[in-house]
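Have a look at the structure below, then the notes.
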Amino acid sequence: MSGDKRFYITTAISYVNGPPHLGHAYESISCDVIARFMRLDGYDVMFLTGSDEHGQKVEKTAQANGKQPQQFCDEIAALFKDMTRLLNISNDDFIRTTEPRHIRSSQALWKKLEANGDIYLGKYAGWYSVRDEAFFAEDELTKGEGGKFLAPSGAEVEWVEEPSYFFKLSAYGDKLLKHYKDNPDFILPHYRRNEVTNFVKQGLTDLSVSRTSFKWGIPVPGDEKHIMYVWLDALTNYITAAGYPDVDSASFKKFWPADIHVIGKDIIRFHTIYWPAFLMSAGIELPRRVFGHGFLNIEGQKMSKSLGNVITPKSMVDEFGLDQVRYFLMREVPYGNDGSFSKESMVNRINSDLANDFGNLAQRVLSFIAKNLGGALPIPGALTADDRALLDAAKAALPDMREAMKTQQIHRMLEAVWKVVGDANRYIDAQAPWALRKTDPARMGTVLYVAADAIRILAIYAQSITPAAAEKLLAQLGVPEGKRKFADIETPIVGGTALPAPSGVFPRYVEAEGAA
RNA sequence: GGGCCCGUAGUUCAGUGGUUAGAACGAGCCGCUCAUAACGGUUAUGUCGCAGGUUCGAAUCCUGCCGGGCCUACCA
């Protein structure tokens, strides 16, 4: 723990049972915005994403597709990697749980748990359906003919016992509760923390952490008939990528503990109970925060295969544009809540916030400069109180943005930025450079200079959310690539600089002619 | 059954005891014309879920009820 400016953020790793959907995209984009924001703010960031590739379901799905598990994983993992490129995700690493570094790391962690006396051999018992190749809880079962129990699929289940290693999770309840209490922001949003706390208070039972009934997983060190429980394996990815088990390595010392694990609300328990307990047992520092984000509804309905409304990231990006999709998802949905996507709300956001307010702001100023000042930034005269007020407002947004991002309130960060967009539009209307053109050309130049400098600051801010458009805009303003960090907002734009011909960065969304 | 969260303008939400409850989008009117038919100004809209209570004073605290969401347990 130190005040050094480094930041380690992770997404959940995606289970390769199926291709990426909008939910994966949402999580990746949100983490990317956080990661970019921290880089812009001068942090040395490690941003990790990846794929979770072991387990019975993958083994089975591969088989159903007539493929070896590894080949199947390679294919699906490639789709997830493609998605990160499609979405302009700035991850520094992409970890796959089938990689040697991860197998080594997982086995090392296992040995630590074992050495600490938290692993013991017992029996895993439960109702098993051979046809489904899965265990079921008693309340999932129904009674069929002759009193036999049936799985939800209708398949017969039988009582099965197999040897299994267990982790003494029951010994960690009080330690976990103390950790939640001492670190109130360990679990965000707060109502999730309440849920987890209540769950832990009810008492924890030991966790089965190995299986012998299938093969696709990481062998238990010293007893290779067993493979490790897929969650133990999966969670370990976060330390693997930091360099575990080489705890003395530069990267591990620098980046662990992670600052934040961003996950979906469905896997909070694994990240806030199991994972911290494993780390405590192994004597490894805990991550500083686990943030559970919500799910997206589509036109008011849950996204599901059976409803046939699953949206792929690609189809959405193709229709609306990448930066537009990124902006919409981050602005429309308070981060942590469930959100809803509808075409109507998407088009509203694109056209009002991006095209009309921000895009048009840049265009009205840049094209004015191009037409009336020969395409070179004007050299300003003395600044008036109004001029300084706009530039001060633009700079003053940064502390508000930082405050919002301390607790991942991405939508609030964006509100702070767009408030300045409004200020800049008002400034231009009030100063009316088109009138000054005839009466006071020197003052006109100053106004345009100030407006351009405010737009520069806004574009620097916008790099976290709409990176491609923001970079295009910065290029149009002649801002060098080395002068685009948050710290650079204090360095004014250089008057006299020749600018390239302007072109819009956020086009309006117009319904295609003849479309329904 | 236990617990948590939410119910505020047409819509999405902000607002945790104190003057006439706010923002954005949408709507009406006015202005401007540099700009992506964009921008700015202005107006209007609310019994702050319902009913009680505490208080000099409640959207804000307490109780009950109704409605929505979630976690969890049990009935088995």
Side-chain angles (χ1 to χ4, degrees), chain A residues 127 137-143 147 149 180 187-205 264-269 272-273 292-295 297 300 302 321 324 328 331-342 344-373 378 400 404 409 411-412 414-419 421-438 441 444-445 447-448 451-452 455 469 473 476 502-510:
Chain A
W127 293 101
E138 205 146 312
D139 60 6
E140 293 178 280
L141 303 177
T142 53
K143 269 191 187 170
F149 286 109
Y180 305 151
I187 303 170
L188 287 182
H190 285 295
Y191 65 95
R192 297 293 175 198
R193 171 173 169 261
N194 296 340
E195 286 174 5
V196 172
T197 301
N198 287 333
F199 182 80
V200 174
K201 276 184 182 162
Q202 290 170 17
L204 298 170
T205 54
K265 63 182 185 178
D266 55 329
I267 55 176
I268 284 176
R269 190 181 302 173
T272 59
I273 299 175
H293 63 73
F295 289 160
N297 294 318
K302 194 173 169 179
Q324 285 80 354
F328 172 83
R331 178 65 187 267
E332 183 79 4
V333 184
Y335 199 46
N337 290 7
D338 284 349
S340 95
F341 163 81
S342 70
E344 186 189 0
S345 54
M346 169 74 86
V347 171
N348 281 344
R349 285 292 181 190
I350 291 175
N351 286 348
S352 68
D353 294 2
L354 292 180
N356 295 353
D357 290 345
F358 192 22
N360 181 58
L361 167 68
Q363 188 67 8
R364 67 194 300 205
V365 171
L366 288 171
S367 68
F368 202 103
I369 291 171
K371 286 177 190 167
N372 296 290
L373 290 159
D400 293 341
Q409 297 192 75
H411 60 294
R412 291 288 179 93
L414 294 173
E415 280 175 27
V417 176
W418 255 258
K419 185 179 168 301
V421 171
D423 291 340
N425 272 318
R426 274 186 289 278
Y427 169 84
I428 293 167
D429 268 51
Q431 301 299 323
W434 48 90
L436 294 169
R437 183 174 49 189
K438 292 161 191 159
M444 174 192 81
V447 166
L448 291 169
I455 293 166
L473 186 49
Q476 291 187 30
S503 70
V505 294
F506 292 119
R508 280 180 71 81
Y509 180 90
V510 181

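Note on naming: letters A, B, ... go to the chains in the order of the sequence lines (proteins, then strands), and numbering restarts at 1 for each one. Reckoned from all heavy atoms, side chains included, excluding hydrogens, waters and symmetry mates.
In this structure, A/Asp423 atom CG and B/A24 atom C1' are separated by 15 Å, rounded to whole Å. In this structure, A/Ile187 atom CD1 and B/C70 atom P are separated by 20 Å, rounded to whole Å. The nearest whole Å value for the distance from the CZ atom in A/Phe328 to the C1' atom in B/C25 is 13 Å. Atom CG of A/Asn198 is separated from atom P of B/A73 by 12 Å (rounded to the nearest Å). Atom CD in A/Glu332 sits roughly 11 Å away from atom C1' in B/A24 (whole-Å rounding). Counting to the nearest Å, the C1' atom of B/A37 and the CZ atom of A/Arg508 are 8 Å from each other. Nucleotide B/C34 holds its C1' atom 12 Å from the CD1 atom of A/Ile455, rounded to whole Å. Spacing between atom CZ of A/Arg349 and atom C1' of B/U11 amounts to 11 Å, rounded to whole angstrom units.
Between A/Phe506 and A/Phe358, the ring planes are tilted. Angles from 30° to 60° get that label.
Within the 3.5 Å criterion, the main-chain N or O of A/Ile187 finds no donor-acceptor partner in the side chain of A/Tyr180. Judged purely by atom type and a 3.5 angstrom limit, A/Asp338 uses its side chain to pair as donor or acceptor with the backbone of A/Phe295. Although no hydrogens or angles enter the test, the distance criterion places a donor-acceptor pair under 3.5 Å between the side chain of A/Asn356 and the main chain of A/Asn351.
Considering only side-chain atoms of A/Arg412, the nucleotide from B/U36, B/C34, B/G15 that sits closest is B/G15. The side chain of A/Val505 lies closest to B/U36, out of B/A35, B/G3, B/U36. When each of B/C70, B/G40, B/A38 is scored by its nearest atom to the side-chain atoms of A/Asp429, the top-ranked nucleotide is B/G40. Of all nucleotides listed (B/A14, B/C25, B/U36), B/C25 comes nearest to the side chain of A/Asn348. Of the candidates B/U36, B/C34, B/C25, the closest approach to any side-chain atom of A/Ser352 belongs to B/C25. With B/G15, B/C4, B/U36 as the candidates, the nucleotide lying closest to the side chain of A/Tyr191 is B/C4. Among the nucleotides B/G3, B/U36, B/C34, the one closest to any side-chain atom of A/Ser367 is B/C34.
For A/Lys371 and A/Asn194, each mapped to the nucleotide of RNA chain B holding its nearest heavy atom, the one lying further toward the 5' end belongs to A/Asn194. Mapping A/Arg426 and A/Glu195 onto RNA chain B by nearest heavy atom places A/Arg426 closer to the 5' end of the strand.
Stacking here means ring centres nearer than 5.5 Å and ring planes tilted less than 30 degrees, and by that measure A/Trp434 stacks onto B/C34.
B/A14 and B/A9 have their C1' atoms separated by 13 Å, with the value rounded to a whole Å. The same atom, P, is picked in B/U19 and in B/A58; the two are 11 Å apart, to the nearest Å. Taking atom P in both B/G41 and B/A21, one finds a spacing of 23 Å when rounded to whole Å. Between B/G26 and B/U43, the distance separating the two C1' atoms is 14 Å to the nearest Å. Nucleotides B/C32 and B/U42 have their C1' atoms positioned 14 Å apart, rounded to a whole Å.
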>> Checking A/Glu344 against A/Asn348 for the side chain to side chain contact (heavy atoms under 4.5 Å, CB included) test, could you report, in this order, the C-alpha distance in whole Å, the side-chain angles of both residues, the deciding distance, and whether it holds?
In response: CA-CA 6 Å; A/Glu344 186 189 0; A/Asn348 281 344; 4.2 Å; yes

>> Walk me through whether A/Met444 and A/Leu373 qualify under side chain to side chain contact (heavy atoms under 4.5 Å, CB included).
In response: CA-CA 10 Å; A/Met444 174 192 81; A/Leu373 290 159; 4.0 Å; yes

> For A/His293 and A/Val333, what are the C-alpha separation, side-chain angles and deciding distance, and is it a side chain to side chain contact (heavy atoms under 4.5 Å, CB included)?
Replying inline: CA-CA 10 Å; A/His293 63 73; A/Val333 184; over 6 Å; no

>> Does A/Ser340 form a side chain to side chain contact (heavy atoms under 4.5 Å, CB included) with A/Glu332? I'd like the steps, not just the answer.
In response: CA-CA 8 Å; A/Ser340 95; A/Glu332 183 79 4; over 6 Å; no

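Checking the phosphate oxygens (OP1, OP2) of B/C34, a side-chain nitrogen or oxygen of A/Arg437 falls inside 4.0 Å.
Salt-bridge formation is detected for the pair A/Asp423/A/Arg426: a Lys NZ or Arg NE/NH1/NH2 atom is positioned less than 4.0 Å from an Asp or Glu carboxylate oxygen.
Helical stems in RNA chain B, defined as runs of 3 or more consecutive Watson-Crick or G-U wobble pairs with both donor-acceptor distances under 3.5 Å, are listed by first residue as B:1-7 with B:66-72, B:10-13 with B:22-25, B:27-31 with B:39-43, B:49-53 with B:61-65.
Contact annotation: side chain of A/Asn360 to base of B/A38, donor-acceptor pair absent below 3.5 Å.
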